[in-house]
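Letters A, B, ... are given to chains in the order of the sequence lines, protein chains preceding strands, and every chain is numbered from 1. Predicted, not measured: the structure shown is a model, and the values here were computed from it.
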Amino acid sequence: MFRTLFRAAVAAIVLSSPSLALAQDGHAPAATTIGALEVHDGFARATLPNAPVGGVFFAITNTGTTPDRLVSVTAPELGDGQIHEMSMQGDVMKMRPLPDGIVIPAGETVTLEPSGLHVMIMGLKAPFVEGQSVKVTLTFETAGSVALELPVLGVAADSAAHAHH
Amino acid sequence: MLKTFRLWLWVAVAALGLTALVGAWLLRQPETTSSFGGGVYSVLDQNGQKIDQTMFQGHPSMLFFGYTHCPDVCPTTMAEMAAWFGELGDEGKALHAYFVTVDPERDTPAIMGDYVNWVSDRITGVTGDPVEIAKMLKAWGIFSEKVPLGGDDYAMDHTASVFLLNNKGEFEGTIAFRENTATAVGKLRNLLAKS
């Protein structure tokens, strides 16, 4: 019963990718401001059973005049956070850890999204369940640390809610 | 004298002709036996049952390589496969799918079973002895490589296309990562029509 529901849900999400944004009552998640940075459009993807890793995604806009750097993402309740970059080279999926973090240039927005830059939570203590939320703390070189609570969307969710979608 | 010369000329012509024929036959060999996907290996399904290269016989198949520690491509592709099966409905009854791990050291049959069964009962999880899995990856020309992530942890770079096989287990084409649903389902309909 639950399996059937899950499958139907997965199918519905994949078949209507743009509309998965409606998950959070159609409201765009609010931006969180820390110093000159705005963190917005954050979400996590639900994980499959036994998947020991989960992906967390968000966008960072630097409204200041100097660059900053995302140096770490921690989530002690979830597991160990690492910053990674995924890329497709031909038909090969490549994953690279980014131990130096990600630079957020002045006046620009850097987006962490599926199939690109992302935060991977390793050694998950519990699966990410769609409809629930996860807590992560982002630490920036200049702006400092900020705690976020992000919604868990579908297994194949591509982005958080966007009013313009 | 002239007679002998003529005779040798004919011998030469015959030899040349024979060489050309043998050459042509030798050159044809690789095409007729299609080595792609043609390996021999003994692996395990998610119930721990032995299966081998004959798993692809008698029905069209989707074949995908990945691993359960995979954060993005694999769950996405699993979810998409479930959606394609849903879209095809009864039309896709004959179609099977296989999720083969490129990380047999960590992916036991039980782990593979929970992973694929939750998504769809139409997907068989394949793991086994790393040596045998390596043979299977080689047979299908799959690239895979460990990427250290600190400590004992690692990710795997790997080929991420879905291979389409006809009911003889022969390669017919691919569905690319994140190919749109209509195109993917169209390719599956073609595959089903041929099989």
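Contact tally against chain B (heavy-atom pairs below 4.5 Å) for A:Gly55, A:Pro114, A:Gly54: the top residue is A:Pro114. If you tally non-hydrogen atom pairs under 4.5 Å between each of A:Gly123, A:Ser115, A:Gly90 and chain B, the highest count goes to A:Ser115.
Chain A is approached within less than 4.5 Å, heavy atom to heavy atom, by B:Val147, B:Pro148, B:Leu149, B:Asp153 from residues 147-154 of chain B, ordered by number.
Looking at B:Leu164 and B:Leu188, their side chains come closer than 4.5 Å, going by heavy atoms from C-beta outward.
Heavy atoms of B:Phe177 lying under 4.5 Å from chain A belong exclusively to its side chain. Only the side chain of A:Met86 comes within contact range of chain B, with at least one heavy atom under 4.5 Å from a heavy atom of that chain. When heavy atoms are compared at a cutoff of 4.5 Å, B:Met156 approaches chain A solely by way of its backbone atoms N, CA, C and O. At a 4.5 Å heavy-atom cutoff, the contact between B:Ala110 and chain A is made by backbone atoms alone. Contacts between B:Ala176 and chain A at a heavy-atom distance below 4.5 Å are absent for every atom of the residue. Interface remark: A:Met120 contributes side-chain atoms only to the contact with chain B (heavy atom separation under 4.5 Å).
Partner A:Asn50 forms a side-chain hydrogen bond (donor to acceptor under 3.5 Å, both in side chains) with one of B:Thr68, B:Asp114, B:Asp107, B:Thr108 and no other, that one being B:Asp114. When B:Phe171, B:Tyr98, B:Phe163 are each tested for a ring pair (Phe, Tyr, Trp, His ring centres under 6.0 Å) with B:Phe56, only one passes: B:Tyr98.
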Q: Apply side-chain contact (heavy atoms from CB on, under 4.5 Å) to B:Thr101 and B:Met112, showing your working.
A: CA-CA 8 Å; B:Thr101 184; B:Met112 293 296 282; 3.9 Å; yes

(Q) Please determine whether side-chain hydrogen bond (donor to acceptor under 3.5 Å, both in side chains) holds for the pair B:Thr54 and B:Asp52, giving the CA-CA distance in whole Å, both sets of side-chain angles, and the decisive distance to 0.1 Å. (A) CA-CA 5 Å; B:Thr54 59; B:Asp52 58 26; 2.4 Å; yes

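Listed by first and then second residue, the ring pair (Phe, Tyr, Trp, His ring centres under 6.0 Å) pairs involving residues 107-146 of chain A are A:His84-A:His118 (not counting sequence neighbours).
Aromatic ring pairs are classed by plane angle as parallel below 30°, tilted from 30° to 60° and perpendicular above 60°; the pair B:Phe64 and B:His158 is perpendicular. Taking the six-membered ring where tryptophan is involved, the planes of B:Phe36 and B:Trp140 are perpendicular, since the angle between them exceeds 60° and thus also 30°.
A side-chain N or O of B:Asn166 and one of B:Glu170 form a donor-acceptor pair less than 3.5 Å apart.
Classification of A:Lys125 and A:Asp80 as a salt-bridged pair fails, no side-chain N sitting under 4.0 Å from a carboxylate O.
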